[in-house]
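One structure below.
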Amino acid sequence: MASQQQQPPVPGMPQVALQPQAASLQQQQLQQQQQLSQQQDFDPVLKFKTLIPQLKESLQNVMRLASLNLARNTTIDNGIKSGDTPVQRFDKSLEEFYALCDQVELCLRLAYECLSQSIDSAKHSPNLVPTATKPDTVPTESMSYAQYLGMIKSQITCAKDIHNALLECSKKIAGKGQAQGMM
């Protein structure tokens with residue numbers, strides 16, 4: 001029984017049981033932060049959401065500096081002060097604001113492109129092939145594998161027809177160019 005009782009921690013001795021748990025918790029938090037940053041890199045909507053507070057802060061900074069510069073210029077124009085006092089650079093804060101606006105615009109354009117690709121994908125392949133193994137989890141609007149193969153074959157046929165039409169057109173253009181070169 002005496003061997004089963006917990007012994008008090010000895011000063012100077014590291015507590016091994018607590019360190020792996022703390023290190024593991026820190027590792028999990030670090031991994032979550034990395035995953036979130038990776039999602040933000042790939043997801044334009046998440047990137048947009050993170051840029052909005054920065055954009056707001058940058059706009060507030062631009063307005064604050066514009067106000068300070070306007071007040072300073074007014075006092076100089078009225079002859080109350082001289083222009084010796086250093087002022088923060090308005091143009092740099094404005095450039096920072098424009099850079100954030102450009103990033104927001106790119107995120108929105110990318111989100112729009114992703115949405116239009118998704119819509120086009122849904123239009124050309126409206127029903128999904130079920131991947132679930134249980135029949136009760138299969139969505140009703142999904143298609144069978146045979147239907148999916150038929151749709152893919154028709155898309156391949158269409159792509160071949162377009163390819164052949166482009167080849168035929170390029171041959172006609174090349175043939176006209178050679179015929180005109182002979183004349």
Side-chain angles (χ1 to χ4, degrees), residues 20-69 88-177:
Q21 290 175 351
S24 139
L25 182 62
Q26 288 175 347
Q27 226 174 12
Q28 288 175 350
Q29 289 174 347
L30 182 63
Q31 287 174 351
Q32 288 173 351
Q33 289 173 353
Q34 288 174 348
Q35 287 174 351
L36 182 62
S37 68
Q38 287 174 352
Q39 285 176 347
Q40 288 176 349
D41 290 343
F42 296 121
D43 189 2
V45 176
L46 284 177
K47 182 77 171 169
F48 172 77
K49 287 180 180 180
T50 59
L51 284 174
I52 290 300
Q54 294 175 7
L55 187 65
K56 183 179 178 183
E57 182 180 321
S58 179
L59 180 60
Q60 288 173 345
N61 189 35
V62 167
M63 292 300 167
R64 183 182 58 81
L65 287 176
S67 172
L68 289 174
N69 284 340
Q88 290 182 341
R89 298 279 309 255
F90 175 74
D91 57 342
K92 287 191 179 192
S93 65
L94 191 61
E95 284 297 321
E96 178 186 332
F97 175 74
Y98 282 145
L100 285 170
C101 285
D102 290 342
Q103 288 180 11
V104 166
E105 181 183 8
L106 288 174
C107 286
L108 291 175
R109 284 185 183 187
L110 182 59
Y112 178 76
E113 285 297 318
C114 290
L115 178 65
S116 63
Q117 283 184 0
S118 175
I119 290 171
D120 288 343
S121 175
K123 182 171 49 173
H124 297 295
S125 179
N127 299 325
L128 302 175
V129 176
T131 57
T133 56
K134 297 179 182 176
D136 58 339
T137 61
V138 176
T140 58
E141 70 269 356
S142 64
M143 62 173 63
S144 68
Y145 189 70
Q147 291 171 327
Y148 179 73
L149 283 178
M151 181 186 67
I152 296 299
K153 286 179 182 177
S154 70
Q155 289 177 348
I156 290 172
T157 304
C158 181
K160 284 181 181 178
D161 291 345
I162 291 171
H163 182 268
N164 292 337
L166 289 172
L167 281 177
E168 186 178 315
C169 184
S170 67
K171 287 178 183 176
K172 285 182 181 178
I173 290 173
K176 286 182 181 179

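Under a 3.5 Å cut-off, the side chain of S118 and the backbone N or O of C114 do not form any donor-acceptor pair.
Contact check for L94 versus Y98: side-chain heavy atoms found under the 4.5 Å cut-off. Side chains of L100 and V104 form no contact here, defined as non-hydrogen atoms less than 4.5 Å apart.
Taken to the nearest 0.5 Å, the CZ atom of F90 stands 7.5 Å off from the CE atom of M63. Atoms CG and CG, on L110 and L115 in that order, are 11.5 Å from each other to the nearest 0.5 Å. Of the inter-residue distances, the one linking L55 atom CG with T50 atom OG1 reads 11.0 Å to the nearest 0.5 angstrom. Distance check: S58 OG to L51 CG gives 11.0 Å after rounding to the nearest 0.5 Å. Put simply, OG on S93 and CG on N61 are 5.0 Å apart, with the number rounded to the nearest 0.5 Å. Atom NZ of K92 is separated from atom CG of L65 by 12.0 Å, given to the nearest 0.5 angstrom.
With sequence neighbours excluded, no residue satisfies side-chain contact (heavy atoms from CB on, under 4.5 Å) with E57. Scanning for side-chain contact (heavy atoms from CB on, under 4.5 Å) contacts around E113 gives S116, with sequence neighbours left out. A search for side-chain contact (heavy atoms from CB on, under 4.5 Å) contacts involving R109 returns E105, not counting sequence neighbours. Under the side-chain contact (heavy atoms from CB on, under 4.5 Å) criterion, I156 pairs with I152, K160, sequence neighbours left out. Residues forming a side chain to side chain donor-acceptor pair (under 3.5 Å) with D102 (at least two apart in sequence, or on another chain): none. With sequence neighbours left out, the salt bridge (charged side-chain N to carboxylate O under 4.0 Å, His left out) criterion links R89 to D91.
Residues C107 and P44 approach most closely at O-CB, 3.4 Å, considering heavy atoms.
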Identify all side-chain donor-acceptor contacts of residues 166-175 below 3.5 Å with residues at least two apart in sequence or on another chain.
{"unit_1": "S170", "atom_1": "OG", "unit_2": "L166", "atom_2": "O", "d": "3.4"}
{"unit_1": "S170", "atom_1": "OG", "unit_2": "L167", "atom_2": "O", "d": "2.8"}

